[in-house]
Novice: 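The structure's right below; bear with me while I get my questions together.
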Amino acid sequence: MRIATWNINSAKARQPRLIEWLDRASPDVVCLQETKLSDEAFLELFDEDLFRRGYRVAHHGDGRWNGVAILSRAGLEDVRRGLPGDPGFPGPEPRAISASCGGIRIWSLYVPNGRTVEDPHYAYKLAWLAALRDVVAELAPQGPVMTLGDFNIAPTDADVWDIAEFEGATHVTEAERAALGRLHDAGLLDLMRERWPDETVYTYWDYRQLCFPKNYGMRIDLTLATADVAARARAVWVDRAARKGTGTSDHAPVVVDLDEAPDGDIGPMVPPPSSRGSSARGSSSRAGAGTRRRAST
DNA sequence: ATGTCCCAATTTTTGGGA
């Protein structure tokens with residue numbers, strides 16, 4: 001199952017690039033942020049194109065700002081709009097939506113930007129992240145969970161092109177990183193860093209000052225997941241091609257490929273005959289580990 | 001020149017947000 005997240009910075013402005021990307025990348029589940037549309041306007045624009053490609057749609061937006069969505073051709077059950085405990089600014093904003101897709105509770109998140117550390121939006125950002133932590137702490141013990149989206153936090157200094165440029169700025173503060181740390185404490189792993197611990201990886205480049213050509217980027221779009229999901233992650237990457245050319249978002253998609261769940265709907269995995277009763281399925285070899293058959297009875 | 005883009009409205013220019 002291929003799962004992606006992409007802050008598209010206006011679904012309306014990005015329509016051709018989004019459709020083109022769906023056809024090229026062929027994701028099964030897509031978490032979108034900053035659609036900047038109402039639910040009605042989003043469906044009006046995309047329903048036909050997405051239906052024809054086999055996607056079902058859950059959108060949560062109110063028009064001008066924010067707006068999140070999940071597109072899925074791997075099931076879309078039990079859709080929940082908003083974040084329980086959302087502090088609001090002052091009222092709730094459409095920054096979270098979740099659904100069960102292919103047995104995973106998937107969240108598409110657009111964390112408040114924070115603006116500056118003195119701005120009330122910064123306190124809002126931290127309060128919003130605290131509410132998210134509580135949701136994760138409740139859900140993570142219950143089954144597979146993924147939280148994907150624009151977190152507006154660079155987890156470490158290595159996740160920005162030049163930390164000196166961020167003196168006193170949001171996205172890199174101790175408090176923001178501590179809030180992210182509490183998501184990890186609640187059971188979420190950073191799939192990109194699990195797979196690529198030391199690579200330079202960016203997901204966002206400002207439109208201004210030729211940031212993309214110079215690779216002045218930030219890794220702020222994160223793919224977090226519980227350990228059961230992390231164990232299935234076969235590949236994790238940033239689709240930089242989607243950031244190139246004209247009419248692009250300032251963010252690139254982050255894509256995760258998952259192996260099938262070992263106890264998925266095809267039935268429980270049992271050892272293949274060749275290794276049954278032997279020690280061949282230990283950590284030294286994965287041969288045969290992908291073989292699945294329906295258990296008898 | 002912030003080497004930009006997006007939105008809405010007080011719409012053909014401006015202000016706000018990222």
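Throughout, protein chains are lettered first and strands after them, A, B, ... in sequence-line order, and every chain is numbered starting at 1. For the numbers below, each heavy atom of this structure counts, side chains included, while hydrogens, waters and symmetry mates do not.
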Novice: Quick check for you: among dA18(B), dG16(B), dT4(B), whose closest atom lies nearest to any side-chain atom of W65(A)?
Specialist: dG16(B)

Novice: Let me know, please, whether H251(A) or G247(A) comes out on the 5' side of the other along DNA chain B by nearest nucleotide.
Specialist: G247(A)

Novice: Using whole Å, what does the distance between atom P of nucleotide dA18(B) and atom CH2 of W205(A) come to?
Specialist: 20 Å

Novice: Side chains of W205(A) and D250(A): is there a donor and an acceptor less than 3.5 Å apart?
Specialist: no

Novice: Return the orientation label for the Y204(A) and H251(A) ring planes: parallel under 30°, perpendicular over 60°, tilted otherwise.
Specialist: tilted

Novice: Judged by each residue's nearest nucleotide on DNA chain B, which is more toward the 5′ side, S10(A) or Q209(A)?
Specialist: Q209(A)

Novice: Assess the side chains of N9(A) and S249(A): does a donor N or O sit below 3.5 Å from an acceptor N or O?
Specialist: no

Novice: Please report, rounded to the nearest Å, how far the C1' atom of dG17(B) is from the CG atom of N152(A).
Specialist: 12 Å

Novice: For the C1' atoms, the ones on dG15(B) and on dT2(B), what distance do you get once it is rounded to whole angstrom?
Specialist: 16 Å

Novice: Going by atom types only, do D159(A) and T156(A) share a side-chain donor-acceptor pair under 3.5 Å?
Specialist: yes

Novice: If I take atom CD in residue Q33(A) and atom P in nucleotide dA18(B), what distance separates them, rounded to the nearest angstrom?
Specialist: 15 Å

Novice: What is the distance from CG of D250(A) to P of dG17(B), rounded to the nearest Å?
Specialist: 17 Å

Novice: What interatomic distance, in whole Å, is found between P of dT10(B) and the corresponding atom of dC5(B)?
Specialist: 26 Å

Novice: When the C1' atoms of dC6(B) and dT11(B) are compared, how many Å lie between them, rounded to an integer?
Specialist: 15 Å

Novice: May I ask you to decide if the ring planes of Y216(A) and W161(A) are parallel, tilted or perpendicular, using 30° and 60° as cut-offs?
Specialist: parallel

Novice: Could you give the CD-to-P distance, from E93(A) to dC7(B), as a whole number of Å?
Specialist: 18 Å

Novice: Roughly how many Å is it from CZ in F212(A) to C1' in dT2(B), rounded to a whole number?
Specialist: 19 Å

Novice: Nearest whole Å is fine: how far is dC6(B) C1' from R64(A) CZ?
Specialist: 9 Å

Novice: Looking at dC5(B), I'd like to know if its phosphate oxygens (OP1 or OP2) sit under 4.0 Å from a side-chain N or O belonging to R208(A).
Specialist: no

Novice: When the C1' atoms of dC7(B) and dT12(B) are compared, how many Å lie between them, rounded to an integer?
Specialist: 16 Å

Novice: Nearest-Å distance, NE2 (H171(A)) to P (dG17(B))?
Specialist: 15 Å

